[in-house]
Protein chains: 2
Amino acid sequence: MSPRGARPSSSASDERAATLSQVAHEAGVSLATASRAINGSPDRVVGEDLRRRVLEAAARLDYSPDANAQAMARGRTATIGLIVHDIADPYFSTIAAGVSAAADEEHLAVTLANTQHDPARELAFVRTLQQQRARAIILAGGRQDDARANEALQAALAGYQHRGGTVALIGQPVLGVSTVRADNGRGAAALANALLDLGYRRFGILSGPDRHLTARERLEGFIGALDAAGVTPDAVVASAFTRDGGHGALAELRERAPEAEVVWAVNDVMALGAMTAAREAGLSVPDDLAFAGFDDISTLRDVAPPLTTVHLPLEEMGRLATPLALDVDGGVREVTVSGEVVVRASTPRR
Amino acid sequence: MSPRGARPSSSASDERAATLSQVAHEAGVSLATASRAINGSPDRVVGEDLRRRVLEAAARLDYSPDANAQAMARGRTATIGLIVHDIADPYFSTIAAGVSAAADEEHLAVTLANTQHDPARELAFVRTLQQQRARAIILAGGRQDDARANEALQAALAGYQHRGGTVALIGQPVLGVSTVRADNGRGAAALANALLDLGYRRFGILSGPDRHLTARERLEGFIGALDAAGVTPDAVVASAFTRDGGHGALAELRERAPEAEVVWAVNDVMALGAMTAAREAGLSVPDDLAFAGFDDISTLRDVAPPLTTVHLPLEEMGRLATPLALDVDGGVREVTVSGEVVVRASTPRR
DNA sequence: CTGTTAGCGCGTTCAC
DNA sequence: GTGAACGCGCTAACAG
């Protein structure tokens with residue numbers, strides 16, 4: 001193996017990185033001075049000359065501070081944990097992009113945890129992040145109305161917070177921590193009204209799991225608005241909150257609501273899956289059946305016909321969650337973003 | 001604030017977590033014994049009785065090992081870094097899901113770095129991950145043929161490796177490290193032949209940036225196959241390797257290749273963007289113009305008409321990269337996955 | 001402004 | 001088997 005890469009000008013180049021004390025030695029100053037020069041604490045009080053000497057020595061040795069040692073000495077890390085249900089889902093990957101961008105600005109590293117929709121894994125990740133002493137945890141994704149799971153999670157988060165960690169949620173504030181939430185009910189109601197305005201009267205609804213709070217909020221908002229207009233949906237079919245959930249549930253919906261003019265799914269991926277299923281069944285969209293969703297994931301830009309939905313600023317939500325999560329002053333805050341109805345060609349006027 | 005969460009049975013419950021030595025004290029054993037009992041080093045030589053006492057004490061104190069301290073003492077972390085161009089792009093988020101799953105199995109945490117297509121940021125992340133002493137780094141995304149940027153990156157990676165870090169790429173092996181690569185040339189050629197078989201003779205091509213190696217490999221494979229059949233593309237238009245790149249470049253392609261029967265873009269997101277642009281221009285897909293892509297991102301499941309493409313096992317590629325990245329024995333290995341042509345309705349027989 | 005000295009929490013030699 | 005002591009690399013008092 002020929003030696004490659006950086007080559008310190010002096011002495012032996014070990015397998016391991018140069019340490020601060022080596023830098024200090026090389027610069028002929030004390031450890032403390034080297035530390036101050038390189039880090040420049042709030043009190044940037046190192047003589048310009050020494051400071052320069054240290055920096056040069058560091059460059060010469062290709063010094064790279066050890067974040068673990070710093071974390072240890074400082075008592076806190078520069079890491080933020082992000083827990084999502086499924087990073088491959090555009091909903092979450094967009095949120096992740098937002099969190100990542102915001103974390104970047106704060107010079108924080110992001111540890112990604114992908115639960116694959118498994119509450120047990122979610123719990124395990126909270127513990128792992130606690131071990132890493134992550135400064136904050138952001139939990140993205142709607143909660144379920146599952147007392148046991150929520151209690152376990154809440155206990156784990158409480159333990160984490162008890163030790164100085166801070167937490168934010170993107171979803172529902174059921175856990176007593178700061179939360180970025182979407183005004184699901186209002187958004188869904190607005191969408192329902194928009195569809196009514198367009199002339200739709202026969203609705204088939206693909207709801208998520210009964211206990212999924214986001215699904216429930218949206219469903220209630222939507223049905224409430226229909227109700228106010230004296231309209232009752234032909235059928236409401238529950239399924240998983242995923243693309244495949246929507247895809248698989250369409251057949252039942254058609255059976256139970258053969259007269260439906262429009263199918264509304266509680267999120268976009270479900271709507272897309274259902275739309276595909278409709279096509280597979282030989283239907284034409286939107287002529288035979290119209291479709292609408294919720295979220296406005298970026299994927300929709302290239303879907304035909306363009307899907308009517310409720311726009312949520314997903315990346316922004318990820319961004320917003322970051323300062324909330326980092327907020328140490330213990331206040332439980334709540335930020336609500338509102339959804340905006342976007343009518344597109346998947347729901348033409350009737 | 002009412003105290004909530006875990007409550008140690010004994011003494012005061014500090015703001016900070018219980019330490020191993022507290023556990024040792026609580027259990028009436030030495031620090032060393034506690035360490036061995038909880039960790040069970042290769043030499044699991046702690047009496048069953050003591051072991052039990054320690055574990056109980058740990059549970060009572062709600063002990064949570066400090067990963068930073070462990071990393072420090074052990075000399076290595078349990079973290080793997082993942083650098084991607086854009087986590088919101090389905091191509092990368094799917095790879096990320098694969099990496100995440102594989103890392104999970106190895107009990108490694110994943111630090112996510114999102115470069116937003118900026119080489120400078122990429123470099124910065126390599127440094128950050130080095131500071132974190134991440135055990136390995138996975139760089140996903142095709143390289144550019146940019147000597148300066150590549151050299152800088154290569155130097156940074158070499159420094160990282162010099163200090164014991166290991167690296168793997170998902171893309172091209174231009175950096176002298178282990179790589180998971182797709183057989184882009186062969187896949188593209190197979191696609192070209194499939195399109196020829198379907199009766200297409202007039203091709204409009206949306207290539208990526210000239211210096212983008214993945215784009216180039218695919219382009220060359222495709223054109224080579226056309227060539228062998230005595231066919232020359234009507235036009236090749238370069239653009240960004242993104243959805244918007246494809247979307248924006250379609251107009252020029254139509255201008256330069258008005259007779260084209262099919263548009264092939266070097267990746268799916270570009271093809272989708274272009275397809276949308278075609279529709280916006282009033283064309284019907286695939287009747288007026290057929291489309292094909294490359295990658296088979298999951299998004300395609302719900303696109304209409306279904307897009308013909310070359311399937312790449314993206315999640316699997318992320319999975320495969322993980323052991324490669326972790327491989328300490330210094331061998332530069334290369335794994336090639338092959339793409340499989342998938343003909344769908346976006347390219348009907350002519 | 002700069003240097004000395006304690007730790008941070010844990011793994012790991014060494015002795016016993 | 002178990003315990004005592006050292007060190008990982010760095011920051012943060014505390015002195016000068």
Side-chain angles (χ1 to χ4, degrees), chain A residues 14-55 57-58 61-78 130-135 163-164, chain B residues 14-55 57-58 61-78 130-135 163-164:
Chain A
D14 289 282
E15 246 294 309
R16 306 194 62 74
T19 75
L20 225 207
S21 69
Q22 289 175 40
V23 172
H25 184 77
E26 170 93 5
V29 302
S30 76
L31 215 192
T33 299
S35 174
R36 293 189 272 244
I38 289 185
N39 239 297
S41 304
D43 47 337
R44 173 212 157 285
V45 283
V46 174
E48 194 49 42
D49 45 342
L50 278 195
R51 179 184 184 74
R52 175 178 237 123
R53 289 234 312 270
V54 172
L55 262 30
L61 297 181
D62 195 18
Y63 171 70
S64 164
D66 184 324
N68 292 296
Q70 290 182 320
M72 189 133 206
R74 294 206 252 245
R76 68 205 177 92
T77 62
Q130 176 172 324
Q131 295 187 184
Q132 292 200 169
R133 302 299 187 258
R135 200 189 290 186
R163 284 156 179 75
Chain B
D14 289 280
E15 246 294 308
R16 305 195 62 74
T19 76
L20 226 206
S21 71
Q22 288 176 38
V23 173
H25 184 78
E26 170 94 5
V29 301
S30 76
L31 215 190
T33 299
S35 174
R36 293 190 270 247
I38 290 186
N39 240 298
S41 305
D43 48 335
R44 176 213 154 285
V45 283
V46 175
E48 195 49 43
D49 43 343
L50 278 194
R51 178 185 184 72
R52 174 178 239 121
R53 288 233 313 269
V54 172
L55 263 31
L61 297 180
D62 194 18
Y63 170 70
S64 163
D66 183 323
N68 292 295
Q70 294 187 141
M72 189 135 204
R74 292 206 254 246
R76 68 202 179 94
T77 62
Q130 175 172 324
Q131 294 187 184
Q132 292 201 168
R133 302 299 186 259
R135 201 190 287 186
R163 284 154 180 76

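We name chains A, B, ... by the order of the sequence lines, and we start the count at 1 in each one.
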Visitor: Please round to the nearest 0.5 Å and tell me the distance separating atom CD1 of B/Ile38 and atom CG of B/Leu20.
Guide: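 Answer for the CD1-CG pair, B/Ile38 versus B/Leu20, is 5.0 Å.
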Visitor: Mind checking side-chain hydrogen bond (donor to acceptor under 3.5 Å, both in side chains) for B/Thr77 and listing every partner two or more places apart, or none if nothing turns up?
Guide: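 If we apply the side-chain hydrogen bond (donor to acceptor under 3.5 Å, both in side chains) test to B/Thr77, skipping adjacent residues, there are no hits.
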Visitor: Rounded to whole Å, please give me the gap between CD in B/Gln132 and P in D/dC8.
Guide: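 Atom CD in B/Gln132 sits about 22 Å away from atom P in D/dC8.
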Visitor: Taking only nitrogen or oxygen atoms into account, show me every contact under 3.5 Å that the protein makes with nucleotides 7-10 of chain C, one pair per line with its distance.
Guide:
unit_1	atom_1	unit_2	atom_2	d
C/dC10	OP1	B/Tyr63	OH	2.4
C/dC10	OP1	B/Asp66	N	3.4
C/dC10	OP2	B/Leu20	N	2.3

Visitor: Does A/Arg36 get its side chain close enough to the base of C/dG3, under 3.5 Å, for a donor-acceptor pair?
Guide: yes
Visitor: Should B/Ser30 be listed as having a side-chain N or O under 4.0 Å from OP1 or OP2 of D/dT2?
Guide: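 So the side chain of B/Ser30 is outside the cut-off, no N or O lying under 4.0 Å from OP1 or OP2 of D/dT2.
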Visitor: Could you tell me whether the side chain of B/Thr19 reaches within less than 4.5 Å of the side chain of B/Gln22, counting heavy atoms only?
Guide: yes
Visitor: What's the CD1-P distance between A/Ile38 and D/dA12, to the nearest Å?
Guide: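 Nearest whole value for this atom pair: 14 Å.
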Visitor: Would you mind reading off the distance between B/Arg76 atom CZ and C/dT12 atom C1', rounded to a whole angstrom?
Guide: 14 Å
Visitor: For A/Arg74, check side-chain contact (heavy atoms from CB on, under 4.5 Å) against everything at least two apart and list the hits.
Guide: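 So A/Arg74 forms a side-chain contact (heavy atoms from CB on, under 4.5 Å) with A/Asn39, A/Gln70.
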Visitor: Whole angstrom is fine here: how far is it from CD in B/Gln131 over to P in D/dC8?
Guide: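 One finds 20 Å between P of D/dC8 and CD of B/Gln131, rounded.
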Visitor: Do A/Met72 and B/Met72 have side chains that get closer than 4.5 Å, going by heavy atoms?
Guide: yes
Visitor: Rounded to the nearest Å, what distance is computed from the NE2 atom of residue B/His25 to the P atom of nucleotide D/dA4?
Guide: 13 Å
Visitor: A/Gln22 CD to D/dG9 P: how many Å, rounded?
Guide: 8 Å
Visitor: Taking the basic N atoms (NZ, or NE/NH1/NH2) and the acidic carboxylate oxygens, is any pair closer than 4.0 Å for A/Arg163 and B/Asp66?
Guide: no
